[in-house]
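Written below as structure tokens is the structure these notes are about.
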Amino acid sequence: MPLDWTTEEKVLTDIKRIAAVVWRMNSDQMQSYRQKLQKNQLKILPGYLGSTFLKILEQIANAQTDDAGKIWSALVKDIVHLQDFIHANKNRDQKAWFHALIRLEAEQSRYFRTELGKAFILLLKEKLHVQQKENKQQDLSQKRIHRKTTVCCQEHQKELEKLAFWLMNDSECDFEKGKRQKNDFFSIFIKRAAIPVFAGLSACFMVVWLHTQVERNLEQWNLKQMKVSASWQADIYAEDLQPEQRKKTVPSLQRIKLKKIKKKTEELVVPQKLTQYKKMSEQYPELFGWLQIPDTRIDLPVMQPRKEKDFYLDHDFTGKASAEGALFADPENNCWPQDGNTIIYGHNMKNGHIFGTLDLYENPVYFKSHREIHFDTIYETGIYEAVAVLKTRILNETEQGFRYYQFFQYSNKKQFRQCVDFVAANQLFDSGSSLQYGDRILMLSTCEYSQKNGRLVIVARKSEMM
């Protein structure tokens with residue numbers, strides 16, 4: 001039976017929102033704000049997680065500036081980690097959570113960086129009634145010891161009886177005795193050796209599988225933290241600048257001013273990469289941007305293959321061979337200046353990874369509550385509004401029709417109208433929104449299996465309103 005995490009998910013969401021507000025405050029403001037939260041803790045931040053967060057706030061308020069920054073960074077990582085961990089595992093049964101608890105306790109410092117992790121472990125123990133189980137196990141172990149003592153006494157008595165019988169009766173043939181003892185020896189050896197050997201092989205396979213999973217998750221986790229850390233550093237840097245310096249130094253997230261070189265004609269010069277993506281793009285040169293849809297599992301880097309068009313169908317973002325692949329932009333898309341339509345592809349995985357949850361958009365209620373899509377290129381941030389969900393297919397070479405996977409730019413209303421008509425003809429329902437001439441379009445494309453070469457496509461437009 002799965003555990004109920006509804007309260008904890010809400011508390012973590014509230015903690016994340018509060019942290020986004022409080023981290024800019026000075027010490028006095030933070031203390032005052034913390035005291036108000038503490039008075040209303042039962043309503044706003046109930047349980048172990050809420051009380052621990054308030055303790056961490058007090059610790060930050062009393063810390064030096066440098067120390068406070070480190071604690072904030074660690075806290076944000078733990079909040080995001082816990083949200084992802086609960087979301088990914090909340091439908092699992094108590095047995096799976098118990099195994100997870102053992103791993104978390106054994107390697108707590110590896111998974112968590114603040115007291116929030118300890119609070120989560122205590123909370124998990126409480127939900128699993130671990131303390132009661134431990135007491136029961138102690139009682140059982142004492143009973144087992146008592147039983148073993150009794151059995152040993154009985155066996156000892158039997159051995160004495162056998163010895164007496166042997167002394168009184170020596171008619172048994174030595175050969176038969178030796179043969180039986182030999183058979184007994186081999187049967188006991190097989191029984192006793194088989195279990196440890198089988199357990200050892202199982203442990204080896206489990207270690208290999210866990211190593212693969214951990215390595216994959218750590219790489220993705222490190223990349224996310226690189227992005228979060230860089231974003232916070234950029235915000236702090238912008239906060240410290242004077243207004244006149246800020247205009248010169250910090251690029252606008254909505255519109256980047258372009259430098260112009262005057263030769264025969266004016267040419268656009270590629271701007272500097274956004275702070276949060278500089279380090280990543282050095283490590284992963286084919287990084288195109290980042291896609292994140294709030295309240296979903298989609299929070300992933302977007303790559304763009306430069307040599308092999310289908311490279312990221314069977315390689316992850318690090319370049320390692322992977323059946324899941326990675327999110328990637330169409331090789332024909334421009335990162336700067338961004339095209340009128342950017343297309344991002346990804347596998348529709350059964351385990352929900354990559355674009356495995358896009359089919360949830362077929363439900364109008366889910367669509368309405370998940371319309372906001374965050375997509376950044378390495379040069380520019382953007383927030384998009386989903387306007388339609390389509391079911392279509394890849395056309396044969398000889399077929400006539402609009403091919404969304406070859407539509408990257410439009411220069412007039414006629415070209416734009418072809419795209420709009422295609423969306424209207426293939427959308428599953430009317431969302432109440434539509435594309436407007438001049439929109440920057442984003443399409444998320446994955447496989448769909450109701451027809452041959454089927455595709456499920458989420459169409460979105462860049463929206464300053466969102």
Enclosure of Leu42 CG (heavy-atom neighbours >12, cutoff 6.0 Å)
no
Provide the closest heavy-atom pair for Arg113 versus Ala74 in the form atom of the first, atom of the second, distance.
CB-CB, 3.7 Å
Ile293 and side-chain contact (heavy atoms from CB on, under 4.5 Å): which single residue from Leu444, Thr357, Leu300 fits?
Leu444
Qualifying residues under ring pair (Phe, Tyr, Trp, His ring centres under 6.0 Å), relative to Phe429, sequence neighbours excluded:
Phe367
Distance-only, no hydrogens or angles: does the Gln38 side chain make a donor-acceptor pair with backbone N or O of Arg34 under 3.5 Å?
no
Phe317/Tyr284 aromatic ring centres below 6.0 Å:
yes
Test side chain to side chain donor-acceptor pair (under 3.5 Å) on Tyr405 and Asp330 and set out the steps.
CA-CA 8 Å; Tyr405 43 88; Asp330 194 288; over 6 Å; no
When you check the side-chain N and O atoms of His374 and Glu372, is any donor under 3.5 Å from an acceptor?
yes
Look at the rings of Phe311 and His315 and say which category their plane angle falls in: under 30° parallel, 30 to 60° tilted, over 60° perpendicular.
parallel
Side-chain heavy atoms of Phe112 within contact of Leu104, under 4.5 Å:
yes
After noting the C-alpha distance and the side-chain angles of His370 and Thr296, does the key distance pass the side-chain contact (heavy atoms from CB on, under 4.5 Å) rule?
CA-CA 8 Å; His370 294 83; Thr296 73; 3.5 Å; yes
Please identify each residue that fulfils ring pair (Phe, Tyr, Trp, His ring centres under 6.0 Å) with Tyr437, with sequence neighbours left out.
Tyr410, Phe416
Do Lys125 side-chain atoms and Phe120 backbone N/O form a donor-acceptor pair below 3.5 Å?
no
With under 30° as parallel and over 60° as perpendicular, where do the rings of Tyr361 and Tyr366 fit, or are they tilted in between?
perpendicular
In chain order, what residues pass the side-chain hydrogen bond (donor to acceptor under 3.5 Å, both in side chains) check against Asn334, with sequence neighbours excluded?
Asp339
So, Glu324 side chain and His347 main chain: donor-acceptor pair closer than 3.5 Å or not?
no
With a 4.0 Å cut-off on N to O distance, would you call Glu332 and Lys309 a salt bridge?
no
By side-chain contact (heavy atoms from CB on, under 4.5 Å) - contacts of Thr7 (at least two apart)
Val11, Pro46
Give a yes or no answer on whether the side chain of Ser281 reaches the backbone of Lys278 with a donor-acceptor pair at less than 3.5 Å.
yes
Using only atom types and a distance under 3.5 Å, with no angle test, would you say the side chain of Asp314 pairs donor to acceptor with the backbone of Ala323?
no
Pairwise side-chain contact, Ile458 with Phe355, heavy-atom cut-off 4.5 Å (strictly under)
no
Arg403, CZ: over 12 other non-hydrogen atoms inside 6.0 angstrom:
yes
Any chance the side chains of Asn396 and Thr398 put a donor and an acceptor closer than 3.5 Å?
no
Please evaluate residues Lys127 and Trp5 with respect to the criterion side-chain contact (heavy atoms from CB on, under 4.5 Å), reporting the C-alpha separation (whole Å), side-chain torsions for both, the decisive distance (0.1 Å), and the verdict.
CA-CA 10 Å; Lys127 284 180 177 288; Trp5 293 100; 3.7 Å; yes
Can you see whether Arg371 engages Ser433 through a side-chain donor-acceptor pair at a distance of less than 3.5 angstrom?
yes
If you measure from CG on Asn363 to NZ on Lys368, what distance do you get to the nearest 0.5 Å?
12.0 Å
Main chain of Ile343, side chain of Asn333: is a donor-acceptor contact present, judged purely on distance under 3.5 Å?
yes
Quick one about Ser434 and Gln436 (side-chain donor to acceptor, distance below 3.5 Å, no hydrogens or angles considered), yes or no?
yes
Give a yes or no on whether the backbone of Arg393 and the side-chain of Gln451 come within a donor-acceptor separation of less than 3.5 Å.
no
Does Asp78 use its side chain to pair, donor to acceptor, with the backbone of Thr114 at less than 3.5 Å?
yes
Take Cys419 and Leu435 through the side-chain contact (heavy atoms from CB on, under 4.5 Å) test and state the conclusion after the steps.
CA-CA 9 Å; Cys419 179; Leu435 297 174; 4.1 Å; yes
Thr446 side-chain N/O to Asn348 backbone N/O, donor-acceptor pair under 3.5 Å
yes
For Glu58, what residues pass the side-chain hydrogen bond (donor to acceptor under 3.5 Å, both in side chains) criterion, not counting sequence neighbours?
none
Ring centroid separation Tyr379 to Trp290 under 6.0 Å
no
Evaluate side chain to side chain donor-acceptor pair (under 3.5 Å) for Tyr277 paired with Thr377, printing each intermediate quantity in order.
CA-CA 9 Å; Tyr277 300 115; Thr377 67; over 6 Å; no
Check: Asp376/Thr381 side-chain N/O donor and acceptor closer than 3.5 Å
no
Pairwise distance CD(Glu282) to CG(Leu287) - rounded to 0.5 angstrom
11.5 Å
Pair Gln31-Asn62, side-chain donor/acceptor within less than 3.5 Å
yes
Which atom names give the shortest non-hydrogen contact between Asp14 and Ile44, and what distance separates them?
OD2-O, 3.7 Å
Any side-chain heavy atom of Ile441 sitting closer than 4.5 Å to one from Arg461?
no
Between the side chains of Ser450 and Glu448, is a donor N or O closer than 3.5 angstrom to an acceptor N or O?
yes
Could you walk me through whether Glu8 and Leu49 pass the side-chain contact (heavy atoms from CB on, under 4.5 Å) test, one step at a time?
CA-CA 8 Å; Glu8 288 73 25; Leu49 295 178; 4.2 Å; yes
Could you grab the distance from atom CD1 of Ile298 to atom CD1 of Ile354, nearest 0.5 Å is fine?
9.5 Å
Donor + acceptor pair across side chains of Thr13, Glu9 (<3.5 Å)
no
Can you find a pair of side-chain heavy atoms, one from Tyr404 and one from Thr392, that are under 4.5 Å apart?
yes
For Lys118, is there an ion pair with Glu115 - N to carboxylate O distance below 4.0 angstrom?
yes
Got a sec, which residues hit ring pair (Phe, Tyr, Trp, His ring centres under 6.0 Å) with Phe402, two or more places apart in sequence or on another chain?
Phe407, Phe422
To the nearest 0.5 Å, atom NZ of Lys391 lies from atom CG of Asp359 at 8.5 Å
Any sub-3.5 Å donor-acceptor pair from Thr342's side-chain atoms to Gln338's backbone N or O?
no
Rounded distance [0.5 Å steps], CD1 in Ile15 versus NZ in Lys10
10.5 Å
Think Lys273 forms a cation-pi with Trp336, using NZ or CZ under 6.0 Å from the six-ring centre and within 45 degrees of its axis?
no
Nearest-0.5 Å distance, CG of residue Asn426 to CG of residue Leu390
6.0 Å
Of all heavy-atom pairs linking Gly346 and Leu327, the shortest is CA-CD2, 3.9 Å
Side-chain touch Val389/Val457, heavy atoms, less than 4.5 angstrom
no
Do Val459 and Gln427 have side chains that get closer than 4.5 Å, going by heavy atoms?
no
